[in-house]
Amino acid sequence: MKVVIVGGVAGGATAAARIRRLDEQAEIVVFERSGYVSYANCGLPYYIGGVITDREELTLQTPESFWERFRVSMRVRHEVTALHPERKAVTVRNLDTGEVFEERYDKLLLSPGAKPTQPSLPGAGSDRLFTLRTVEDTLAIRAFVEREEPKSVVLAGGGFIGLELAENLRELGLEVTIVQRPRQLMNPFDPEMAAFLHAKMREHGVRLLLGRSVEGFQDTGSGVRVLLRDEPALEADMVVLAIGVTPDTVLAREAGLELGIKGSILVNDRMETSVPDIYAVGDAVQVRHAVTGQASHIALAGPANRQGRIAADNICGGDSRYPGSMGSSVLKVFDMTAAVTGVKEETARKAGIDCDKVYLSPLNHAGYYPGGTVMTMKVLFEKGTYRLLGAQIVGGQGVDKRIDVLSAAIRGGLTALDLTQLDLAYAPPYSSAKDPVNMAGFMAENLSHGLLRQFHLEDLESLPRDGSVTLLDVRTREEYERGHMEGFVNIPVDELRDRLGELPGGKPVYVVCQSGLRSYVACRMLEQRGYPCYNFSGGYRLYETVVLDRLAASTARPCGLEIK
């Protein structure tokens, strides 16, 4: 059996190695357009920033090492220019010599990945304008930074690459501005959770111009002028386009393979395309979202590697199935970690799922152990069934651990109520006896038993201000004086029992504290005394972060406000 693989990075390289482990006799040929195979896409921004110092560390394997261990022919600088399914062949161009030839196959695997989205904008050909996809792109950006010593950069786009580049270039001392059309960074997060990311970026001096559209570029000789719609132009020494990725599926389309959303390659759960003996994996394919069941395009390294393994199994006569993607991901933002899994609230509602949520702000480990940091968690579940739908977490240490636990819970079909029973490891430096994941389950359980009723950020504007309800802040006087919601009166929770006479009898009470814990305690106290009570989900900390974010966005100041 002869297997030809187009693309030698995540999915393609994984498939090649797996095929060899399953079939020692197979002839395996991989064509890779760039000069590198099996390289660490996710590490590229950190080489630019100098965190990774040795360029050799970016490549996990070389063509030579692949041949020595697996007898796989890795042909770099070879571009496949056409597919010929009718005669089971591909046309290949050697980019170094110009030679064009055909290579026949018994099985073909497409792993072309995705390319940076590049809109047709005036001036996009400037040599001060970069994209970041390959090792060559990385070397070009780093060489420019070392040679030209730029003082400023505009990043068009605020996704993974944009934020990772922003951090690394800011650490090098550049003035960094992020411009993008959406009004929030990191689309996988809901807006109120993205507000924490915005605050962290502004805290470190990154200027955010959100809700703005780039209309073109002008090379000034010594820099680049970035033209914005209905806004003054920006001046910078360099620009990086990081506005997203587009499936690289020209070959598939021209060969008549069936395509899906965003022009991605349509595959079944065996990673088979619409054409017999042609498989496809990675950032170029459409997948089923494991939570909603809807068609999705999720460009992440983990799914690409798993798909490569599954395709290899099936090429070798097995029957492996891909169950769908959940988009589990984690991101370093200076000293903050942000992570997400499953679907966000907006996506769930668009999919017709009636959902509910809990917010909590636990420490990453036992409070009495030094060095604890607060994380903010949002856990989403379906009303009635309590089926877990997704989670978003921002904070410091321990964020990655909790998102992985929640991802495994979703994949395993657990409900939010089941989180109470997870037997999670505990020692003071690492966790609490009641882990944050357990705490999210306890909150959902309280909702299910009617022990907790909530109101949310989106409910604040509609709260009656005519005296028909009581608005109560149960934080300390000092916390209240530093900032509070309009119309909320202050009675600290530890004084509440002795001051119940100050609350009008029979009226519903809406309660807020810093994180939602003290206000829950207050609600239980009031409910048992005949007061219908509602707890503000997320607490004043969430409210303050969102309000300050909106203020900073309206002024678009270069340096934002530090969130205490």
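Side-chain atoms of H365 never come within 3.5 Å of backbone atoms of S432 as a donor-acceptor pair (strictly under, hydrogens ignored).
Take R482 and apply the salt bridge (Lys or Arg N to Asp or Glu O under 4.0 Å) test, not counting sequence neighbours, and it matches no residue. The salt bridge (Lys or Arg N to Asp or Glu O under 4.0 Å) check on K401 picks up nothing, with sequence neighbours excluded. With sequence neighbours excluded, the residues that form a salt bridge (Lys or Arg N to Asp or Glu O under 4.0 Å) with K332 are E167. Take T347 and apply the side chain to side chain donor-acceptor pair (under 3.5 Å) test, not counting sequence neighbours, and it matches no residue. In this view, F189 satisfies the ring-ring contact (aromatic ring centres under 6.0 Å, His included) rule with no residue, not counting sequence neighbours. Taking the salt bridge (Lys or Arg N to Asp or Glu O under 4.0 Å) definition, one finds that R321 meets it with D269, D319, sequence neighbours left out.
Using a cut-off of 4.0 Å between Lys/Arg side-chain N and Asp/Glu carboxylate O, K200 and D335 are scored as salt-bridged. Salt bridge annotation for R524-E527: absent, with no cationic side-chain nitrogen under 4.0 angstrom from a carboxylate oxygen. With salt bridges taken as basic N to acidic carboxylate O contacts below 4.0 Å, one links R402 and D435. Classification of E479 and R518 as a salt-bridged pair holds, one side-chain N sitting under 4.0 Å from a carboxylate O. With salt bridges taken as basic N to acidic carboxylate O contacts below 4.0 Å, none links E486 and R465. Salt-bridge formation is not detected for the pair R475/E481: no Lys NZ or Arg NE/NH1/NH2 atom is positioned less than 4.0 Å from an Asp or Glu carboxylate oxygen. Taking 4.0 Å as the cut-off between side-chain N and carboxylate O, R170 and E203 do not count as a salt-bridged pair.
Residue Y369 places its OH atom among 12 or fewer non-hydrogen atoms of other residues, nucleotides or ligands, all under 6.0 Å distant.
Side-chain contact annotation: N446 with Y520, donor-acceptor N/O pair under 3.5 Å present. A donor-acceptor contact closer than 3.5 angstrom links the side chains of T14 and N305.
To the nearest 0.5 Å, the span separating CG on D404 from CG on L406 amounts to 9.0 Å. Note: I393 CD1 to D400 CG = 9.0 Å, rounded to the nearest 0.5 Å. Taken from CG in D190 to NZ in K378, the straight-line distance is 3.5 Å, to the nearest 0.5 Å. Note that OG1 of T470 is 11.0 Å distant from CD of E502, once rounded to the nearest 0.5 Å.
A cation-pi contact links R142 to Y47, judged by a cut-off of 6.0 Å to the six-membered ring centre and 45° from its axis.
A centroid separation of 6.0 Å or more is found between the aromatic rings of F455 and Y534.
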Evaluation steps, ring-ring contact (aromatic ring centres under 6.0 Å, His included), between H484 and Y480:
CA-CA 5 Å; H484 56 269; Y480 182 81; 3.9 Å; yes
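Looking at L132 and I48, their side chains come closer than 4.5 Å, going by heavy atoms from C-beta outward. Looking at S519 and F536, their side chains never come closer than 4.5 Å, going by heavy atoms from C-beta outward.
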